[in-house]
Amino acid sequence: MDDEQTRSLQLAYRQALDLAQFKAGFLARTSHELRSPLNRLISLNQLILSDLCDDPQEEREFIAEGNKAALELLKLLDQLIDISKIDIGRAVPQVYEQTMAEIFLELESRVGLQVADRGMKLVVDNPEPQVQVWGDASWIVRALTGLVELAVEAAQTGSVRLKVVIHDAAQQVELTLADDRPLRKWETLIKDLQTLSPEEILNPTPFPPELASHPDEPSTVTLPAANPHTHPSQLSPTLRLFIAKQTLEATGASFEIIAPVTTDPVTTDPATLPSVTVPQAASPYSLRCRFPMATPPSPGAPIETAPSPSPND
């Protein structure tokens, strides 16, 4: 066996280990989150079966609560089944030329009222009408809706900002989503993501040492504590963000978390972490999606009817 074959086998082995670690983390986290409505359902049934209800009216109330918990559990299972269908290829997006301006209009119609009800602002940098991307509009809108809802829940105040940048040379349309959630919520989210998904969900920008895992330490799955502000029929922010990521990537887009831009870094002790810097004053994290461009952004340019073939075709 030559060196190239050996390197290929080693790479395949590492990828298999990463996939196994990811599936273990995903299973542990989803199992944890499904236990809440299931435990409530079991507890209510135990109260009824133990004849602990004061009267038939209270028994009916317990049955109604148990039915509500069962419906919540079913809703959570449906969300997880949807993402598993994407993972195994049973749910396939319909990829066509999609106009970004129309996607934004649909997104605003879905989340505008929700953002306003929280006393927040939705600031949308609408792209030019001729800017088109390859993708499935319904999938993209669904994923972006989930991302905006997460931003609203986490920030509570301020604004949610959507900005589009055109990259002609790379033939990409870049969408950045930023909000005013506290830095500590970003830190918690990133720590949870590091136990759930592969490291490539984060961009290579160095993180503060409290966010970086030591390479020699065994990876563990840290289950999140119950969030009293989360709707009972919703998955945790970590899994909802992961579902949005998988949905976008299934349409051909890329997704990543952008680390803060440090303006006055202070280097840590070189003896411990020589390559990591701690920001003194950092701008908020943000989410970035990049879509393959379907048409050149210049007005009057011809519209492509099919994506360009990949080099391997």
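Side-chain atoms are counted along with the backbone in the values below, which use heavy atoms only and exclude waters and symmetry mates. As the structure is a computational prediction, the values presented were derived from the model and not from experiment.
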Could you list the residues that satisfy side chain to side chain donor-acceptor pair (under 3.5 Å) with Arg110, not counting sequence neighbours?
Glu106
Are side-chain heavy atoms of Leu189 and Thr238 found at a separation under 4.5 Å?
yes
Shortest non-hydrogen contact from Ala250 toward Pro93
O-CG, 3.3 Å
With clusters built from Ile, Leu, Val, Met, Phe, Trp and Tyr whose side-chain heavy atoms come within less than 4.5 Å, directly or transitively, what are the remaining members of the cluster of Tyr96, listed by chain and number?
none
Sequence neighbours excluded, the answer for side-chain contact (heavy atoms from CB on, under 4.5 Å) partners of Leu38 is Ile42, Leu73
Run Leu175 and Lys163 through side chain to side chain contact (heavy atoms under 4.5 Å, CB included) and show every step you take.
CA-CA 6 Å; Leu175 168 63; Lys163 181 180 180 180; 6.0 Å; no
Got a sec, which residues hit side-chain contact (heavy atoms from CB on, under 4.5 Å) with Leu177, two or more places apart in sequence or on another chain?
Leu147, Val148, Ala151, Val160, Leu162, Asp179, Leu287
Under 3.5 Å: donor-acceptor pair, side chain of Thr188, backbone of Lys185:
no
Here the pair of heavy atoms bringing Gly112 nearest to Leu122 is CA-CD2, 4.4 Å
Which heavy-atom pair separates Pro37 from Leu34 by the least distance, and what is that distance?
CD-O, 3.4 Å
Heavy atoms, side chains only, cut-off 4.5 Å: are Gln172 and Phe291 in contact?
no
Can you name the residues that form a salt bridge (Lys or Arg N to Asp or Glu O under 4.0 Å) with Glu249, not counting sequence neighbours?
Lys245
Inter-residue atom distance Ser36.OG - Glu72.CD, 0.5 Å rounding
8.0 Å
For the residue pair Leu183 and Tyr285, establish whether any side-chain heavy-atom pair is separated by less than 4.5 Å.
yes
Of all residues at least two apart in sequence or in a different chain, which pass the side-chain contact (heavy atoms from CB on, under 4.5 Å) check with Pro129?
none
Check whether any side-chain heavy atom of Ile103 lies under 4.5 Å from a side-chain heavy atom of Leu144, and answer yes or no.
yes
Contacts of type side chain to side chain donor-acceptor pair (under 3.5 Å), residue Arg290, not counting sequence neighbours:
Glu174
Which pairs with one or both residues in residues 46-58 pass side chain to side chain donor-acceptor pair (under 3.5 Å), sequence neighbours excluded?
none
Rounding to 0.5 Å, atoms CG (Leu107) and CE (Met100) come to a distance of 9.5 Å
Set of residues satisfying side chain to side chain donor-acceptor pair (under 3.5 Å) with respect to Thr99, sequence neighbours excluded
Gln132
Side-chain touch Glu256/Ile258, heavy atoms, less than 4.5 angstrom
yes
Does the side chain of Val173 reach to within under 4.5 Å of the side chain of His167, using non-hydrogen atoms?
no
Pairwise distance CG(Leu150) to CZ(Arg240) - rounded to 0.5 angstrom:
4.5 Å
Distance check, rounded to the nearest 0.5 Å: Ser109 atom OG versus Phe104 atom CZ?
13.0 Å
Are Arg118 and Glu153 ion-paired here, with the side-chain N under 4.0 Å from a carboxylate O?
no
Tell me the closest heavy-atom pair linking Ala91 and Trp139, and the distance in Å.
O-CH2, 3.5 Å
Pairing residues for Ser159 by the side chain to side chain donor-acceptor pair (under 3.5 Å) criterion, not counting sequence neighbours:
Arg161
Here the gap from Leu248 atom CG to Asp136 atom CG, rounded to the nearest 0.5 Å, amounts to 11.0 Å
Holding to side-chain contact (heavy atoms from CB on, under 4.5 Å), I want the full list of residues that pass it with Ala116, two or more places apart in sequence or in another chain.
none
Could you pull out the closest heavy-atom pair between Val164 and Pro127, with the gap in Å?
CG1-CB, 4.1 Å
Among Ile, Leu, Val, Met, Phe, Trp and Tyr joined by side-chain contacts under 4.5 Å, find the other residues sharing a cluster with Leu52 and list them by chain and number.
Leu44, Leu47, Ile48, Phe62, Ile63
If you define the side chain from C-beta out and look only at heavy atoms, does anything of Trp134 sit under 4.5 Å from Gln98?
no
Rounded to the nearest 0.5 Å, what separates atom CD1 in Ile166 from atom CE in Met293?
5.0 Å
So which heavy atom on Pro292 is nearest to which on Gly252, and how close?
CD-O, 3.5 Å
